[in-house]
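One structure is given below, encoded as structure tokens.
Naming convention: chains lettered A, B, ... in sequence-line order (proteins, then strands); numbering from 1 in each chain.
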Amino acid sequence: MIESTNLRPADRTMYDCRKAFADELATLARADERIVAVCNDSVSSSNLAAFRDEFPDRLVNVGIAEQNMVGVASGLANGGLLPFVCAAAPFLTGRALEQIKADIAYADRHVVLCGMSPGVAYGQLGPTHHSIEDLSWLRAIANLPIVVPADPTQTRAAMRWAVSTEGPSYLRIPRSPVPELFAPDTPLEPGRFVPLTDGDDVTLVAAGTLVWRAVEAASLLRIEGISARVLAAPFVEPLDEAAVIAAARETRGIVTVEEATVSGGLGAAVAGVAARYCPTRVRVLGIPGVFAPTGDVEFLLEHFGLTATGIADSARSVLADAGR
Amino acid sequence: MLTSSRPQVDHWRAFRDRVRDAGRDERANLLATASAQVRRDVLTMIERAGLGHVGGDFSVTDILVTLYAAVLSVEPAEPDWPDRDRLILSKGHSAAALYATLASCGYFPATELATFMAPLSALNGHPDRTKVPGVETNTGPLGHGLPVGVGTALAARLRGSSARTVVILGDGELQEGSNWEAAMYAAHQQLGSLTAVIDRNGLQQGARTEDTNALEPLADKWRSFGWTVAEVDGHDHAALADVFSASTPDRPTAVIAHTQKGHGVSFMTDRVEWHHRVPTGEELALARAELSR
Ligand SMILES: Cc1ncc(C[n+]2csc(CCOP(=O)(O)OP(=O)(O)O)c2C)c(N)n1
């Protein structure tokens with residue numbers, strides 16, 4: 001296994017990416033007067049307290065009113081500002097889905113939609129607060145790049161990319177703890193996966209909070225003589241079709257991993273590309289079409305096999321099916 | 001799905017009869033005692049879970065206890081009885097207060113409260129009707145309860161039932177537009193059996209409602225939507241019971257219950273940080289002492 005230069009040396013200090021998010025937002029706002037934050041009574045859950053203190057006039061808190069929040073953001077962009085809409089991912093995407101479609105994506109507004117604490121980060125607060133459908137919902141909308149950062153470095157890079165790119169975007173900001181994974185100058189390009197390990201037996205394509213677990217799964221597999229190619233997918237939309245096709249050609253199966261439902265997210269996108277250009281076995285890991293039971297994040301990820309061991313098990317079973 | 005606790009149901013029935021037969025002062029005393037027990041239960045649940053929304057639990061406790069012990073016609077041993085009154089806790093983050101109240105009626109054994117938010121527990125951080133008897137709809141995302149309540153009240157009328165529907169809303173929650181769509185339609189439908197109780201504690205998650213997205217003049221808003229409005233001290237059990245016994249036949253009623261977040265514990269009262277802070281060591285001891293007086 002060749003570890004790519006994109007990987008930092010292993011350090012297992014765990015981070016809540018909302019911290020990197022808050023620091024970067026302030027840095028960006030100091031350099032760009034157009035930047036405003038828009039939220040829904042979520043100053044603390046979106047980590048906006050410092051932003052509010054430094055730029056009191058540039059925080060628009062509409063109260064508990066997500067549809068209004070997204071409409072207001074579209075209007076702010078119309079007036080020449082650059083809104084970062086910061087709200088818990090389930091309510092931002094679910095409640096304001098039509099506003100996201102019509103007022104942001106279809107209207108082609110330069111608005112950065114920031115879904116905070118996605119996946120099952122809200123653990124015990126339950127399925128109403130889990131944001132596992134956001135990727136499927138938003139993938140169906142045209143003109144809306146979807147970025148799923150995997151660590152603090154990629155979170156900051158995603159924000160800089162969103163500012164520098166005209167038009168809408170959705171950033172999925174992790175709360176479930178992750179280690180620093182990427183070397184600081186790792187490039188972030190739309191439509192490009194980031195290779196993390198080389199391998200020709202099986203490919204693991206992972207997004208967000210589960211990327212580091214896929215890297216650990218590859219280490220587990222290596223001990224057994226299985227070489228796994230690990231690809232991080234910061235962009236779920238647009239997808240790196242070339243990398244999927246290469247994986248389908250060069251390895252004997254693909255396992256996708258995401259903190260989201262298996263219906264319509266990263267896995268479905270990868271499987272769709274493989275089916276179109278180079279059919280191969282694809283195993284889609286995520287929340288398998290159910291509402292989660294009560295439990296904290298770690299319990300739920302374990303429950304759904306979204307751990308290094310669970311990912312390695314799926315890789316072995318894909319290879320078994322492929323006749324290894 | 002949890003199942004009811006017979007001995008507790010019998011106890012609750014006897015308690016309800018005592019409350020109904022009591023004079024105004026004694027009724028208030030009985031209900032205040034029951035509320036203190038619910039608050040102590042909530043504290044223990046949140047301590048064990050290491051998570052929860054104690055501020056909003058304590059502001060809504062007296063409302064919940066009054067409704068279940070003195071007002072609602074329900075049958076905890078038969079939670080799906082078709083003619084039951086329906087209570088919908090739209091501010092679903094106050095699940096702990098609801099669970100403790102439901103347990104006190106015998107909907108499920110009080111021992112279950114110890115599993116609040118634990119792995120595989122029925123008692124999720126937000127109410128789930130498929131797991132907890134007595135929970136009428138799933139809540140948690142704000143702004144869902146009133147539309148469901150309108151449909152529930154409409155169904156009762158269509159079925160010729162006189163059952164009433166009570167929806168408890170947070171005041172911050174009223175910033176969601178869905179409430180006003182429902183309010184407009186409830187008045188249009190002349191749903192006299194529908195009551196919306198607004199837990200008017202003046203605080204939301206991050207700040208005061210009036211500093212975030214002001215609601216006042218709140219009573220006028222409901223009136224202008226065609227509702228009858230009553231205002232009450234949301235911690236005065238006798239006054240609450242009186243207000244809930246009045247109704248107008250062809251208009252829905254909004255009860256604006258003036259409350260305090262964290263009511264019952266001095267250092268939590270009217271303090272926004274107790275929206276979802278979890279008390280630790282000394283704070284717990286102090287809170288328990290105050291709730292045991
Ligand atoms: C649609 C939606 N947006 C945001 C939240 C996050 N949230 C949970 S509680 C809360 C504040 C609620 O304030 P209020 O309704 O006044 O309730 P109370 O003060 O009685 O706890 C917020 C914003 C949510 N649960 N649902």
Side-chain angles (χ1 to χ4, degrees), chain A residues 38-49 52 56 59-72 86-99 120-131 133 290-304, chain B residues 45-46 48-53 90-93 95-96 115-128 130-132 137-144 169-181 203-215 272-273 275-277:
Chain A
V38 184
C39 76
N40 62 334
D41 187 26
S42 54
V43 171
S44 63
S45 47
S46 300
N47 238 14
L48 291 172
R52 176 194 56 201
L59 175 75
V60 179
N61 179 0
V62 300
I64 310 169
E66 292 74 19
Q67 301 183 64
N68 188 36
M69 170 180 72
V70 174
V72 165
C86 310
F91 311 132
L92 165 61
T93 61
R95 187 67 63 94
L97 192 60
E98 193 184 73
Q99 279 78 8
V120 293
Y122 280 125
Q124 309 91 312
L125 297 192
T128 56
H129 284 56
H130 298 162
S131 187
E133 301 87 358
V290 293
F291 291 114
T294 306
D296 60 34
V297 194
E298 208 41 57
F299 170 81
L300 292 178
L301 293 178
E302 183 98 29
H303 181 84
F304 291 118
Chain B
M45 291 162 73
I46 288 178
R48 279 184 207 239
L51 262 182
H53 292 89
S90 191
K91 41 169 277 184
H93 57 283
T115 72
F116 181 51
M117 290 205 252
L120 304 179
S121 170
L123 304 183
N124 194 5
H126 293 85
D128 181 336
T130 70
K131 295 177 184 162
V132 189
T137 189
N138 292 24
T139 50
L142 298 165
H144 284 244
L169 299 147
D171 51 358
E173 179 178 15
L174 290 180
Q175 292 159 350
E176 291 286 1
S178 51
N179 292 301
W180 303 102
E181 297 178 21
L203 293 172
Q204 49 194 97
Q205 180 170 279
R208 300 211 160 266
T209 56
E210 299 314 284
D211 293 338
T212 307
N213 187 1
L215 299 164
V272 73
E273 65 267 32
H275 176 71
H276 53 195
R277 249 198 74 185

Just checking, is any N or O donor in the side chain of Asp41(A) or Gln205(B) under 3.5 Å from an acceptor N or O on the other one?
no
*asked:* Could you check whether Asn213(B) and Gln175(B), counting side-chain N and O atoms only, form a donor-acceptor pair closer than 3.5 Å?
replied: no
Interchain contact, [X] with chain A, by part (heavy-atom threshold 4.5 Å):
{"X": "Leu51(B)", "answer": "side chain"}
{"X": "Thr115(B)", "answer": "neither"}
{"X": "His144(B)", "answer": "side chain"}

Cut-off 4.5 Å, heavy atoms of chain B, and the answer for Val43(A) is neither
Flag the one option from [options] with the top tally of heavy-atom pairs under 4.5 Å to chain A.
{"options": "Met117(B), His93(B), His276(B), Lys131(B)", "value": "Met117(B)"}
{"options": "Gly143(B), Ser121(B), Gly177(B), Ala122(B)", "value": "Ser121(B)"}
{"options": "Ala118(B), Pro119(B), Gly125(B)", "value": "Pro119(B)"}

Highest number of heavy-atom pairs under 4.5 Å with chain B among Asp296(A), Leu125(A), Thr128(A) belongs to Leu125(A)
Counting heavy-atom pairs under 4.5 Å with chain B, the top scorer among Ala292(A), Gly94(A), Ala65(A) is Ala65(A)
One should read off an interatomic distance between Leu92(A) CG and Gln99(A) CD, to the nearest 0.5 angstrom, of 10.5 Å
Between the CG atom in Leu215(B) and the CG atom in Leu174(B), the distance rounded to the nearest 0.5 Å is 6.0 Å
When every non-hydrogen atom of Asn124(B) is compared with those of Phe116(B), the smallest separation belongs to O-CE1, 3.7 Å
Per side chain to side chain donor-acceptor pair (under 3.5 Å), Asn40(A) is matched among Glu66(A), Gln67(A), Arg95(A) by Glu66(A)
- Short side-chain to backbone donor-acceptor contact, Ser42(A) and Cys86(A), under 3.5 Å: yes
